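Just so it is clear: chains get the letters A, B, ... in the order the sequence lines come, proteins before strands, and each one is counted from 1. All values reported here derive from a predicted model rather than from experimental measurement. Just the heavy atoms: all of them, side chains too, but no hydrogens, waters or symmetry mates, feed the values below.
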Number of protein chains: 2
Amino acid sequence: MRLNDLDERIVHALAEDARRSYADIGAEVGLSAPAVKRRVDRLLAAGAITGFTVRVDPAALGWETEAFVEIYCRHNTSPEDIRRGLTRYPEVAAASTVTGEADALVQIYASDVRHFERVLERIAGEPFVERTKSVLVLSPLLRRYSAGSPT
Amino acid sequence: MRLNDLDERIVHALAEDARRSYADIGAEVGLSAPAVKRRVDRLLAAGAITGFTVRVDPAALGWETEAFVEIYCRHNTSPEDIRRGLTRYPEVAAASTVTGEADALVQIYASDVRHFERVLERIAGEPFVERTKSVLVLSPLLRRYSAGSPT
DNA sequence: AGTGAAAATGCCCGTGT
DNA sequence: ACACGGGCATTTTCACT
C-alpha cells in the first residue's frame, strides 16, 4: 500500500494524539470527519496502522530499570516459540529476532535491578533459552515513534 | 505517584487499545466509565501516561529495515553530546546509554538495507564515534507499550 | 449532509474510612 | 471531613443512510 501526503499527515496527527476527534484532524488536513475516518479505516485494513496505544512514562509507572537482553536459543527454536515464550512476561516491552550471534533481542522494563534480575533468571530458565547477555540502560537519550506489533 | 492494581490494569487495557471506551474498560476492571476516566485523568496529570498514539507498521510506511547499533565513543564524550549528535538523524527511533562495553545503543529505522548502510556510515563518521557494531532485525516478535515523549 | 446511537464529561450524591 | 465510586443528564462524537 502506498500512502499519499494526506495519509501521512493523518498518521502524524494521530501519532501526536490518538484520541483527537476525526473532525478535529479533518480541520487540520483539510477533510471532513467522515473522509478522515474512511482513510483511517483504510490504513487499519491495510495494516499501516496496527492499533492505538498509550504513551507511558516508565519511571512514573515505577519501571525504573530498562535493559536489553540478547537471547541465544537452542537449535530448532522457531521465532514463534520465542514469541510465545516471551509474551507471558509483562516486563517484556519488545522482542525481535536479529542477525549476528544472538537469536533475539529483548527489551525489558522492571521496577528495579532486583526485579530485573528475577525476570532474567526466569527467562534464562525457559526451555528454549541457552544463554543470555544483558546490558542495562543508564539513561534514555531519545525516544521517537512507536512501532507496531505483529499481533 | 503510586499505582495500585486498578491503575495498572487500566494502563494495560489502554496499551492494548487506546480507543476502547471507558465503559468497556470499566467492565473489565470492575469500575464505571466515569471512575475510569477520573483515574486516566489522574494518570495524565501525574505524567504516568503522557499521551495517546498510533501503533504504526514501519514496513507499511516504507521503513522496511530495522537495526540496533552499539556505539563505542571516544573518551570524554558526554551523554548529551551523543544525544545532540543523534537527534539530527530522523532514522534514529531511540537511543540510550548502556552498561557494558558499548557506550550507547541506538535503534534505527531505514527504508532498506542500502539506506541503513548510508545512515550507519554517517553516524560512524561523527566525531564522537570511535566504532559501531550493528545487528539487523529479522522479524519483530512482540511490541508493547510506548515509552517516552513525542518531542 | 443529517439523523439516531453511543460515548464522553461534568455534576451531585452515597458510602466507607 | 474527605477520598472515591456510582448514576444521571448534557454535550460531543460517531456511524449509517
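If you walk DNA chain C from 5' to 3' and mark each nucleotide with an atom closer than 4.0 Å to a heavy atom of chain B, the marks span dA7(C) to dC11(C). Along DNA chain D, read 5' to 3', the first and last nucleotides having any atom under 4.0 Å from a heavy atom of chain B are dG5(D) to dC14(D).
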Under 3.5 Å, side-chain donor or acceptor atoms of residues 120-134 of chain B against the rest of the protein: list the pairs with distances, not counting sequence neighbours.
{"unit_1": "Glu126(B)", "atom_1": "OE1", "unit_2": "Arg88(B)", "atom_2": "NH2", "d": "3.4"}
{"unit_1": "Glu126(B)", "atom_1": "OE2", "unit_2": "Arg88(B)", "atom_2": "NH2", "d": "3.2"}
{"unit_1": "Glu126(B)", "atom_1": "OE2", "unit_2": "Tyr89(B)", "atom_2": "OH", "d": "2.6"}

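Every residue meeting the side-chain hydrogen bond (donor to acceptor under 3.5 Å, both in side chains) condition with Glu70(A), not counting sequence neighbours, appears here in chain and number order: Tyr72(A). Partners of Arg38(B) by side-chain contact (heavy atoms from CB on, under 4.5 Å), not counting sequence neighbours, listed by chain and number: Pro34(B), Ala35(B). When the side-chain contact (heavy atoms from CB on, under 4.5 Å) test is applied to Glu28(A), the partners found at least two apart in sequence or on another chain are Ala13(A), Arg20(A). Partners of Thr99(A) according to the side-chain hydrogen bond (donor to acceptor under 3.5 Å, both in side chains) rule, which considers only residues two or more places apart in sequence or in another chain, do not exist here. Applying the ring-ring contact (aromatic ring centres under 6.0 Å, His included) test to His115(B) and every residue at least two apart in sequence or in another chain returns nothing. Remark: Arg9(B) pairs with Asp5(B), Leu6(B), Val29(B) by the side-chain contact (heavy atoms from CB on, under 4.5 Å) rule, at least two apart or across chains. Every salt bridge (Lys or Arg N to Asp or Glu O under 4.0 Å) that Asp81(B) has, sequence neighbours left out, goes to Arg84(B). Ala27(A) pairs by the side-chain contact (heavy atoms from CB on, under 4.5 Å) definition with nothing, not counting sequence neighbours.
Within residues 22-32 of chain A, the residues that have a heavy atom under 4.0 Å from DNA chain D are, in order of number, Tyr22(A).
Residue contacts for Pro34(B): at a heavy-atom cut-off of 4.0 Å it reaches a base atom on one of the strands shown. When heavy atoms are screened at a 4.0 angstrom cut-off, Arg19(A) is found touching the sugar-phosphate backbone but no base atom.
Scanning all heavy atoms of the two residues, the minimum distance from Cys73(A) to Ile82(A) falls at SG-CD1, 3.8 Å.
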